[in-house]
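Reviewing the structure listed below.
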2 protein chains.
Amino acid sequence: MTTGSGYDPDEYPRVAVTVDLVVLTLRDGELCVLLVERGEEPWRGARALPGGFVRPDETLDAAAARELVEETGLRDVPGHLEQLRSYGDPERDPRMRVVSVAYLALAPDLPEPAAGSDAAGASWVPVDQASAGPLAFDHARILADGLERARAKLEYTSLATAFCPPEFTVSDLRAVYEAVWGRPLDPRNFHRKVTGTPGLLADTGRTRAEGRGRPATVYRAGPATGLHPPLTRDG
Amino acid sequence: MTTGSGYDPDEYPRVAVTVDLVVLTLRDGELCVLLVERGEEPWRGARALPGGFVRPDETLDAAAARELVEETGLRDVPGHLEQLRSYGDPERDPRMRVVSVAYLALAPDLPEPAAGSDAAGASWVPVDQASAGPLAFDHARILADGLERARAKLEYTSLATAFCPPEFTVSDLRAVYEAVWGRPLDPRNFHRKVTGTPGLLADTGRTRAEGRGRPATVYRAGPATGLHPPLTRDG
DNA sequence: ATAATAGTGTCTTTTAGACAATATCAC
DNA sequence: GTGATATTGTCTAAAAGACACTATTAT
């Protein structure tokens, strides 16, 4: 907005603004996205990203945070939430002009949305399956953009810790990278890398035994937000 | 958009959607941004980013491209145009709820907008000055986000060539990096780096003498879009 | 003991960055 | 010639990636 000559709100076309969410989590070492099943036309029965209208006095970030809480059925969703990009092709929704501001959320392993709650109908779907099957509207494109953003940001930020619970081991963190990037990493080089990045990990002084093998040191996320130098996914 | 139960368009608040442009160019080796002076309230007399309403049957990208042409007064604007992010705080425009989808445009040295044209009132302002002085609405924030995006993308993409005319020398390209990052780079290491990146530069076989010194080889932008490995600005 | 996972050390290759040296122009 | 810019080469330090090796657990 703008230079333009005076305008009357009524001159301008009605546009609806929504937020759509790409919510990613790790379940059993697999990267999953939260999808809902549409109960009505258009795209009745198809899977879609969760989302909804932005309310009159709400910021875009607040609308995304509200939808995230509503659709997961959790009071407080830990992790990370950031704006992804906006989608506004005139024909993306056949009912009216809808501009959607998409958000990317990353969360640690969350429970399956409860059947009785508002979040019923939402479920975690492995991203490979979600990307293959059809999705409502332009949500396949939004999901692809969200995945690419997540994959890229793991390279040069500490974002992977958003997929972990408050306390985690280096192996937990490596499992995040392997799931998001879809390829195995060398445990020894990975360990040296992340423990050698100042401020990334805060040692709790404790260890945790997970079945066989030497117990792993337990860390919390440190204050660092960037990775210098970055981890690389191409290799 | 989503899951929700049926809705009537009239239930939802009227929202205006605009595009705002952060148009960057190099003038005399200085990074400049295109600003307009507002002729009316609110923010009458203040400088603002160019922008305008998205038309009913227009994609967001098309609206941004149209505004770019209108505000520069050029038929065809070379360079690069990409979506930056959206801004939708309820109070960002006192007149009504306005969600702005910001775009980032990078262009080679463009002429001063002609006084008689539609683009009159627009002018190129050095970014240091634009960032310092007040801007209308939340445009200071949008400008800062655009600059950060441009600075970051020079590291790992071939975007710098968008600031150059179709044919350019390695020195021209280096001048882009130095202007955008605001720091000098070693000409020798820079030369080795960019000429050694496959697909970044296409040799025209010609050279060009610019005053004193050995004539430089003239290149065109090659097919490569990414830089592997990246150039680094912290270094 | 054996298998499994955690963590350390070592080596090679690649790259960044500093900077010497050479090439080709204007003057 | 001198001075300026372009381009190539050389050296050092840092980092990536491969992988041997040690540490600590369960069985």
Side-chain angles (χ1 to χ4, degrees), chain A residues 28-29 154-157 160 164 167-179 181 183-220 224 226-235, chain B residues 29 154-156 160 164 167-179 181 183-220 224 226-235:
Chain A
D28 301 320
L154 288 206
E155 292 196 72
Y156 58 94
T157 74
C164 294
E167 300 201 333
F168 56 91
T169 67
V170 172
S171 292
D172 292 338
L173 193 61
R174 180 164 48 85
V176 171
Y177 276 89
E178 293 182 332
W181 285 351
R183 76 173 181 102
L185 298 176
D186 185 296
R188 298 159 293 184
N189 290 336
F190 182 85
H191 188 283
R192 186 161 35 82
K193 182 82 167 198
V194 296
T195 55
T197 299
L200 180 62
L201 302 177
D203 194 331
T204 64
R206 277 169 293 115
T207 62
R208 173 202 298 169
E210 307 264 26
R212 252 186 283 286
R214 173 173 169 177
T217 305
V218 176
Y219 295 93
R220 298 178 161 278
L227 253 44
H228 285 292
L231 275 150
T232 131
R233 57 179 152 158
D234 33 294
Chain B
L154 288 206
E155 291 197 70
Y156 59 93
C164 294
E167 301 201 332
F168 56 90
T169 66
V170 172
S171 291
D172 292 338
L173 193 62
R174 180 165 47 85
V176 171
Y177 277 89
E178 294 182 333
W181 285 351
R183 76 173 181 103
L185 298 176
D186 184 295
R188 299 158 293 184
N189 291 335
F190 182 84
H191 188 281
R192 184 161 34 82
K193 182 80 168 201
V194 295
T195 56
T197 301
L200 180 62
L201 300 178
D203 195 330
T204 63
R206 278 171 293 115
T207 61
R208 172 201 298 168
E210 308 265 26
R212 256 182 283 286
R214 174 174 169 177
T217 304
V218 175
Y219 296 93
R220 297 179 161 277
L227 254 44
H228 283 292
L231 276 150
T232 126
R233 56 179 151 158
D234 32 296

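Throughout, a chain's letter reflects where its sequence line sits, starting with A, and its residues are numbered from 1. In this text the structure is predicted, and so the values were computed from the model without any measurement.
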Any idea which of D:dA26, C:dT15, D:dG3 is nearest the A:Arg212 side chain?
-> D:dA26
Comparing nearest nucleotides in DNA chain D, the 5'-proximal residue of the pair B:Thr217, A:His228 is B:Thr217
Looking across every strand, which nucleic acid part, if any, lies under 4.0 Å from B:Arg174 by heavy atom: base, sugar-phosphate, or nothing?
-> sugar-phosphate
Considering heavy-atom distances to DNA chain C, does B:Pro229 or B:Arg192 have its closest nucleotide positioned more toward the 5' end?
-> B:Pro229
Separation of D:dT5 P from B:Leu173 CG (nearest whole Å) | 18 Å
Think B:Arg214 has a side-chain N or O under 4.0 angstrom from the OP1 or OP2 of C:dT22?
-> no
Look at the side chain of A:Arg233 and the backbone N and O of A:Arg183, then say whether any donor-acceptor pair between them is shorter than 3.5 Å.
-> no
Among C:dA6, D:dT5, C:dG9, find the nucleotide with the atom closest to the side chain of B:Ser171.
-> D:dT5
Interatomic distance, CZ@A:Arg174 vs OG1@A:Thr169, rounded to 0.5 Å, equals 8.5 Å
Output yes when a side-chain donor or acceptor of A:Tyr177 lies under 3.5 Å from a complementary backbone atom of A:Ala160, and no otherwise.
-> no
With a 4.0 Å cut-off on heavy atoms, is B:Ala209 in touch with a base, just the backbone sugar-phosphate, or nothing at all?
-> nothing
If you check every side-chain atom of A:Pro215, which of C:dT24, C:dG7, D:dT25 has the closest atom?
-> D:dT25
Would you tell me if any nitrogen or oxygen in the side chain of B:His191 comes within less than 4.0 Å of OP1 or OP2 on D:dT7?
-> yes
What distance separates B:Leu201 CG from B:Thr195 OG1, expressed to the nearest 0.5 Å?
-> 7.5 Å
Separation of atom CG in B:Leu185 from atom P in D:dA6, rounded to whole Å = 14 Å
Ignoring backbone atoms, test whether B:Thr207 places a side-chain nitrogen or oxygen under 4.0 Å from the OP1 or OP2 oxygen of C:dT24.
-> no
Classify the side chain of A:Arg188 and the base of D:dA20 as holding, or not holding, a donor-acceptor pair under 3.5 Å.
-> yes
Where the side chain of B:Asp186 is defined as all heavy atoms beyond and including C-beta, which of D:dG3, D:dT7, C:dC19 is the nearest nucleotide?
-> C:dC19
